[in-house]
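This one's a predicted model, so the numbers in the text were calculated from it and none came from an experiment. Sequence lines set the chain letters: A, B, ... in the order given, protein chains first and strands last, and positions in each chain run from 1.
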2 protein chains.
Amino acid sequence: MEKLKDLLRSNDLKATHQRIAILECIDKFGHINIDAIYDYICEKYPTMSKATVYRNINELLSYDIIEEIKLPHKNKKYEIKKVPHIHLLCKRCSKVEDLFLETKPFFNSITSHTGFKIDHSFIVIDGTCRACQQS
Amino acid sequence: MEKLKDLLRSNDLKATHQRIAILECIDKFGHINIDAIYDYICEKYPTMSKATVYRNINELLSYDIIEEIKLPHKNKKYEIKKVPHIHLLCKRCSKVEDLFLETKPFFNSITSHTGFKIDHSFIVIDGTCRACQQS
DNA sequence: AATATATTAGATAATATTTATTATTATCTA
DNA sequence: TAGATAATAATAAATATTATCTAATATATT
């Protein structure tokens with residue numbers, strides 16, 4: 001909570017209740033979309049405007065505080081910015097799992113085949129998570 | 001052209017001018033978004049309705065004739081369905097390049113780490129293409 | 001080739017998603 | 001705590017996508 005305030009202030013963003021609530025919400029759920037953020041926060045702050053969610057999501061994105069995940073056949077989700085990683089999307093339970101995996105060999109192979117200079121990768125794997133396979 | 005008609009008919013879709021034009025357009029440009037498809041086809045068929053583009057894109061998607069590519073910070077693009085591959089998105093020229101690369105070792109590593117059963121992968125690499133690096 | 005039929009296109013309304021505007025309110029610095 | 005500034009809520013506007021409905025078209029059948 002104080003940590004979130006500091007995070008905002010260190011980016012010259014005022015630590016408003018709405019922003020803190022948005023960050024807490026994203027942090028709590030791990031990966032969440034706009035509507036779910038809005039619905040969740042409206043419980044506590046019924047006067048919250050959806051435009052405020054959109055405005056702040058864009059603000060937080062531009063300061064690299066959060067990241068956008070584009071998922072196949074789904075709305076965009078957001079997460080707290082972490083080190084680069086892979087997303088595993090379960091078609092059964094719809095949960096998104098983070099996977100921190102060494103990608104250097106894979107990326108080296110891409111560069112050596114194409115000469116492409118890599119900045120970022122956006123990797124989403126679609127399938128069935130371990131839990132859902134067992135149920 | 002006849003090949004496209006057959007492709008449509010073999011999926012019980014009537015080979016209308018609009019559908020053929022959409023497929024030809026996607027094929028010609030490789031990777032293209034809705035607006036660009038619409039603008040391009042309007043040159044030939046000025047009465048073409050945008051709803052027709054949307055309707056047919058969804059139709060063609062559902063029959064696995066084309067595929068949707070979600071790109072970071074960009075509109076969705078569409079391509080003719082191919083074998084699974086990777087997309088390289090150049091931040092400089094905005095072109096999308098297909099890369100057919102062996103991903104099995106990488107996927108095996110994901111499965112062995114997580115137990116996740118993989119169906120599809122959506123991999124977009126952001127960076128600078130070889131041509132743009134040299135200019 | 002003409003006709004019957006079911007499908008599709010076009011026009012447009014409806015819905016969904018996102019952004020901009022503006023008066024009011026909250027945050028933060030001194 | 002007051003003042004300067006930035007952020008919010010409410011709402012309108014813009015953009016993107018889908019649904020509806022009638023006329024037109026593609027195709028199979030004669």
Side-chain angles (χ1 to χ4, degrees), chain A residues 1-25 32-63 65-66 68-78, chain B residues 1-25 32-63 65-66 68-78:
Chain A
M1 172 71 175
E2 276 310 312
K3 220 165 53 183
L4 293 179
K5 285 189 179 181
D6 290 344
L7 176 62
L8 289 169
R9 285 172 184 146
S10 69
N11 285 286
D12 290 318
L13 293 171
K14 292 188 174 173
T16 65
H17 295 143
Q18 292 86 342
R19 275 185 186 143
I20 291 163
I22 289 170
L23 282 175
E24 279 179 341
C25 177
I32 187 167
N33 66 33
I34 295 279
D35 283 354
I37 293 171
Y38 177 67
D39 292 344
Y40 182 77
I41 295 179
C42 275
E43 306 264 310
K44 251 201 277 186
Y45 301 97
T47 68
M48 149 82 70
S49 161
K50 198 162 199 180
T52 298
V53 180
Y54 276 106
R55 192 175 353 92
N56 279 305
I57 287 292
N58 285 335
E59 204 80 14
L60 295 169
L61 281 172
S62 75
Y63 284 95
I65 295 170
I66 62 172
E68 190 171 76
I69 318 168
K70 288 195 173 180
L71 300 167
H73 319 303
K74 288 193 166 289
N75 288 342
K76 291 177 270 190
K77 290 193 171 185
Y78 300 91
Chain B
M1 174 69 177
E2 275 310 312
K3 217 165 55 183
L4 294 179
K5 284 189 179 180
D6 290 344
L7 177 62
L8 289 168
R9 285 173 184 146
S10 69
N11 285 285
D12 290 318
L13 293 170
K14 292 192 172 170
T16 64
H17 295 143
Q18 292 86 341
R19 276 184 186 144
I20 290 163
I22 289 170
L23 282 175
E24 279 179 341
C25 177
I32 187 167
N33 65 34
I34 295 278
D35 282 354
I37 293 171
Y38 177 67
D39 292 344
Y40 182 75
I41 296 179
C42 274
E43 306 264 310
K44 249 200 280 184
Y45 301 96
T47 67
M48 148 85 67
S49 161
K50 199 163 198 179
T52 297
V53 181
Y54 276 107
R55 191 171 354 93
N56 280 305
I57 287 292
N58 286 334
E59 203 80 11
L60 296 168
L61 280 173
S62 76
Y63 283 95
I65 296 171
I66 63 171
E68 189 172 76
I69 318 167
K70 288 194 173 181
L71 299 166
H73 320 303
K74 288 194 168 287
N75 289 341
K76 291 178 271 189
K77 290 193 171 183
Y78 299 91

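- The CD atom of A:E59 sits 10 Å away from the C1' atom of D:dA6 (whole-angstrom rounding).
- Listed by residue number, B:T47, B:M48, B:S49 are the residues of residues 34-50 of chain B with a heavy-atom contact under 4.0 Å to DNA chain C.
- Remark: P of C:dT17 and CD of A:E68 are 14 Å apart, rounded to the nearest angstrom.
- C:dA16 atom C1' lies 17 Å from atom NZ of A:K74, rounded to whole Å.
- Checked by atom type and distance alone, the side chain of B:K70 pairs as donor or acceptor with a backbone atom of A:K74 at under 3.5 Å.
- A straight line from CG of B:L23 to C1' of C:dT8 spans 15 Å, rounded to a whole angstrom.
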I would like to know whether A:K50 and A:D35 meet side-chain contact (heavy atoms from CB on, under 4.5 Å); could you show each step before the answer? CA-CA 8 Å; A:K50 198 162 199 180; A:D35 283 354; 2.6 Å; yes
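- With rounding to whole Å, B:Y54 atom OH is found 18 Å from C:dA13 atom P.
- Within the model, atoms CD1 of B:I65 and CG of B:N11 stand 4.0 Å from one another, a figure rounded to the nearest 0.5 Å.
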Which string of ( ) [ ] | and . matches DNA chain C, if you list each base 5' to 3' and count Watson-Crick or G-U pairs only when both distances are under 3.5 Å? ||||||||||||||||||||||||||||||
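- To the nearest 0.5 Å, atom CG of residue A:L8 and atom CG of residue A:L13 are 6.0 Å apart.
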Full working for side-chain contact (heavy atoms from CB on, under 4.5 Å) between A:N33 and A:Y78: CA-CA 6 Å; A:N33 66 33; A:Y78 300 91; 5.6 Å; no
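- Taking atom NZ of residue A:K77 and atom P of nucleotide C:dT17, one finds them 14 Å apart after rounding to whole Å.
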Can you check each nucleotide of nucleotides 19-30 of chain D against protein heavy atoms at under 4.0 Å and return B for base, S for sugar-phosphate only, - for none, in 5' to 3' order? B------BS---
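- Applying the 4.0 Å criterion to OP1 and OP2 of D:dA7, one finds that A:N56 has every side-chain N and O outside that range.
- In this structure, the separation between CD1 on B:I34 and CG on B:N75 is 9.0 Å, given to the nearest 0.5 Å.
- Residue contacts shown for A:K76 are limited to sugar-phosphate atoms, with no base heavy atom under 4.0 Å away.
- Put simply, the side chain of A:R19 gets close to the backbone of A:K14: a donor and an acceptor are under 3.5 Å apart.
- Atom-to-atom distance recorded for A:L61:CG and A:K76:NZ is 8.5 Å, nearest 0.5 angstrom.
- For the pair B:N58 CG and C:dA16 C1', the computed distance is 14 Å after rounding to whole Å.
- There is no side-chain donor-acceptor pair under 3.5 Å between A:Y45 and A:Q18.
- Across the protein-nucleic acid pair, A:L61 atom CG and C:dT19 atom C1' stand 14 Å apart, rounded to whole Å.
- No donor-acceptor pair under 3.5 Å is formed between the side chain of A:T52 and the backbone N or O of A:M48.
- Using a 4.5 Å heavy-atom threshold, the side chains of B:I37 and B:I57 count as touching.
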